[in-house]
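In the text below, chain A, chain B and the rest are named by the order of the sequence lines, each starting its count at 1. Just so it is clear, the model here is predicted, and its values are computed rather than measured. The analysis underlying the following values was restricted to heavy atoms, covering all of them including side chains, and did not include hydrogens, waters or symmetry mates.
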Protein chains: 2
Amino acid sequence: MLRVMVVDDQALVRRGFALVLDNEPDIEVVAEAGTGVEAIEAARTQQPDVILMDIRMPEMDGLEATARILEAGDTACRVIILTTFDPDEYVFRALRAGASGFVLKDIPPEALVDAVRTVAEGGAMLAPGITQRLISQFAQKLGSERDLAERLQRLTSREREVLTAIAAGKSNAEIAETLFIGAATVKSHVSSLLSKLGLRDRAQAVVFAYECGLATPGEHDVGF
Amino acid sequence: MLRVMVVDDQALVRRGFALVLDNEPDIEVVAEAGTGVEAIEAARTQQPDVILMDIRMPEMDGLEATARILEAGDTACRVIILTTFDPDEYVFRALRAGASGFVLKDIPPEALVDAVRTVAEGGAMLAPGITQRLISQFAQKLGSERDLAERLQRLTSREREVLTAIAAGKSNAEIAETLFIGAATVKSHVSSLLSKLGLRDRAQAVVFAYECGLATPGEHDVGF
DNA sequence: ATCAAAATCCCGCTTTTGGCGGATGTGTGG
DNA sequence: CCACACATCCGCCAAAAGCGGGATTTTGAT
C-alpha cells in the first residue's frame, strides 16, 4: 500500500487530490498539510512514501519544505511538486531540492495516480514541456562538447591524465607526485597537450576541460 | 489529424504499433519503414508529424537515421525512440540527435498514444527511469554552487570581474587591456582574490569559477 | 623483427605568475 | 577632523610555468 501525503494551503484542492488518490485500491492518503511547517512535521511522524507538494504556500513555500524534508534524511520519501502554471524559475530549484516530479495541477486524475506510482517505484515524472526544456538544455550542452571531445582524442592517454589533474587544480609538482613520475616529465606532457589543443597555459586547459566535459561542476571539493 | 510513421525492422512489431495508433480517431499512420534508409526517404516524402523509431536496425541504426532526418530540416517532425531495454549509452546520443521521446517497448498502448500526442504538441516523453537519471545529473550539476557562491560575495566587484576574465582563459596582460588598467594592478587583484578564496593559482581560480557557477560550460568558444 | 609512437627523463632559457610592500583616493563613523 | 577600512593602483623579486631541444626506454602495430 502506497502511503501518500498531500500538501496544499487550499483545503478544497487538498481534499480533491486526496479523494482521487484514496479512491485507488493501492493508495492510502495518510496525511494532509496546509503549510510547509506542518508538512515537515507530518513527514517525520507519518513517513509517507510519496508527497504531493504545492509550491505556493504561506509561511514556507513547497520547495523549501521539500528541501528540508529530504535533507532530514530519516524519511525515504519522494516528492512530486504541484503547480498551477509552468514556471521556469521554480523547476531548477525543485530539482535541486530533490523533487522527483513536477506536474501541473490540471493533470488528468489517471495521470496523477500514474505519476504517484511511477515515482514510488523510483522513476520520475515531469510535465511534458518541462521534460522538453530539460532535454534541450542537455542536448545543447552535449552539442558543444562533441567537437571539443574529438580534439581530446588527439591526446595520448597519459596526456589526458595530466589534463585531468590540471583541471583538478594540481600544480606540476603535485601531478608528478600522484603519477609517480618526474616533474620534468609532467612539464613535457603539459607542453605537448597545450600545443596539441592550441592552448596557451594551464588556465585555458582548465577551461577546455570543463567545456569539453572532461571535468564537470560538482565533482570537486573546492577545498584544495 | 496526426500523421505518424513507424520505423522498425521487425514487421510484426511494426504492424502492432501501427494498428494501435491507427485505432485512434485522431491518429493516422501514413508510413512504415523497416530500415533507416527507408525511414529517411519516407520522412521526406510523407512529412509525418511524429516518428516512432526503433534503435536496433540493420544498415543504419535508429539514432543515425533520426539525426539525418532532423538535420535535413525540411520536415518539422518529432521523433520518439523505442527500445527494448534501458540503455544508458543510447539515451545521450538520442537526445543529442534531437529525439523528443525515449520509451520502452513494453509501454502500455494508452501510454504510447499519449506519448505521441504529447510530443506532437511540443512536449517530451521519457521513460520514468530515464527522466530520473536526467534529473540526477542536472541536480548534481546545480548542487554545490550554493556555499561556494557565498565565498564569491567576499570579493569586490572588481575582483569578480578579474576572476571572470581568468575563467575565460585570459592572461594578466589581456585582462589589463580589456579593463583599461595596468598589468601590475591586475596582478594585485589576482593575488587578492586568490588569497580571499584560499586558492593557490589561476588554474584553481578557473576551477572555482566553474564549480560555483560563475562560469558554465557552453558559454565560450574555445578558440581562444 | 622492425619501425613508429608514446612515455619517460634532463637542461637551460624566457615569460608569466604570484607574493610583498607601498601609494593613492574614497568613504564611514566616532 | 581624523582614524580606519577598503578598493584601486603600481613596482620589485623569487618561484613557477612554458619552450626548445635532445636522449632513453617501453609499447604497439605491422
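- Heavy-atom distances to DNA chain D give each of B:T185 and B:L155 a nearest nucleotide, and the one nearer the 5′ end belongs to B:L155.
- Within residues 171-182 of chain B, the residues approaching DNA chain D are B:I181, B:G182, by heavy-atom distance under 4.0 Å.
- A donor-acceptor contact shorter than 3.5 Å is absent between the side chain of B:Q46 and the backbone of B:A42.
- A:D201 places its CG atom 11 Å from the C1' atom of C:dT15, with the value rounded to the nearest Å.
- Checked options A:T156, A:L193, A:L155; the residue passing with A:V162 is A:L193 (criterion: side chain to side chain contact (heavy atoms under 4.5 Å, CB included)).
- The NZ-C1' distance, from B:K170 to C:dT16, rounds to 17 Å in whole Å.
- Within the nucleic acid shown, A:S157 comes within 4.0 Å of sugar-phosphate atoms alone, with no base atom in reach, counting heavy atoms only.
- Salt-bridge formation is detected for the pair B:D8/B:K105: a Lys NZ or Arg NE/NH1/NH2 atom is positioned less than 4.0 Å from an Asp or Glu carboxylate oxygen.
- By the side-chain hydrogen bond (donor to acceptor under 3.5 Å, both in side chains) test, A:N172 is found to be paired with A:R202, residues two or more places apart in sequence or in another chain being considered.
- Contact between the side-chain N/O atoms of B:R202 and the OP1/OP2 oxygens of C:dG18 is found at a separation under 4.0 Å.
- Side chain of B:D54 to backbone of B:M57: no donor-acceptor contact under 3.5 angstrom is found.
- Nearest approach of A:T35 to A:V7, heavy atoms of both residues: O-CG1, 4.1 Å.
- In 5' to 3' order, the nucleotides of DNA chain D bounding all contacts with chain B (an atom under 4.0 Å from a heavy atom) are D:dA7 to D:dG11.
- Identified under the side-chain hydrogen bond (donor to acceptor under 3.5 Å, both in side chains) test for residues 179-193 of chain B, with sequence neighbours left out: B:E159-B:S192.
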N/O contacts under 3.5 Å, protein versus nucleotides 20-25 of chain C?
none

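- Side-chain atoms of B:R78 do not come within 3.5 Å of backbone N or O of B:V50 as any donor-acceptor pair.
- Note on A:H189: a base of the nucleic acid sits closer than 4.0 angstrom, heavy atoms only.
- Here A:T45 contributes atom OG1 and A:I40 contributes atom CD1; the two are 12.0 Å apart, rounded to the nearest 0.5 Å.
- Across all strands shown, B:T156 has heavy atoms under 4.0 Å from sugar-phosphate atoms exclusively, and none from any base.
- With hydrogens and angles left out, the side-chain atoms of A:Q10 and A:R56 include no donor and acceptor closer than 3.5 Å.
- Summarising the geometry, the separation between CG on A:L194 and P on C:dT15 is reported as 18 Å, rounded to the nearest angstrom.
- Taking atom CD of residue A:E159 and atom P of nucleotide C:dT8, one finds them 10 Å apart after rounding to whole Å.
- Under the side chain to side chain contact (heavy atoms under 4.5 Å, CB included) test applied with B:T131, the options A:L126, A:L134, A:T118, A:V119 reduce to a single match, A:L126.
- Side-chain atoms of B:T216 do not come within 3.5 Å of backbone N or O of B:G213 as any donor-acceptor pair.
- Residue B:K196 is in sugar-phosphate contact alone, with no base atom involved, counting any heavy-atom pair closer than 4.0 Å across all strands shown.
- Taking five base pairs at each end of the helix from C:dA1-D:dT30 to C:dG30-D:dC1, the local helix axes there meet at an angle of 40°, rounded to 10°.
- The pair B:E174-A:R200 meets the salt-bridge criterion, since a charged nitrogen lies less than 4.0 angstrom from a carboxylate oxygen.
- For the pair A:R158 and A:E161, the salt-bridge criterion is met [side-chain N within less than 4.0 Å of a carboxylate O].
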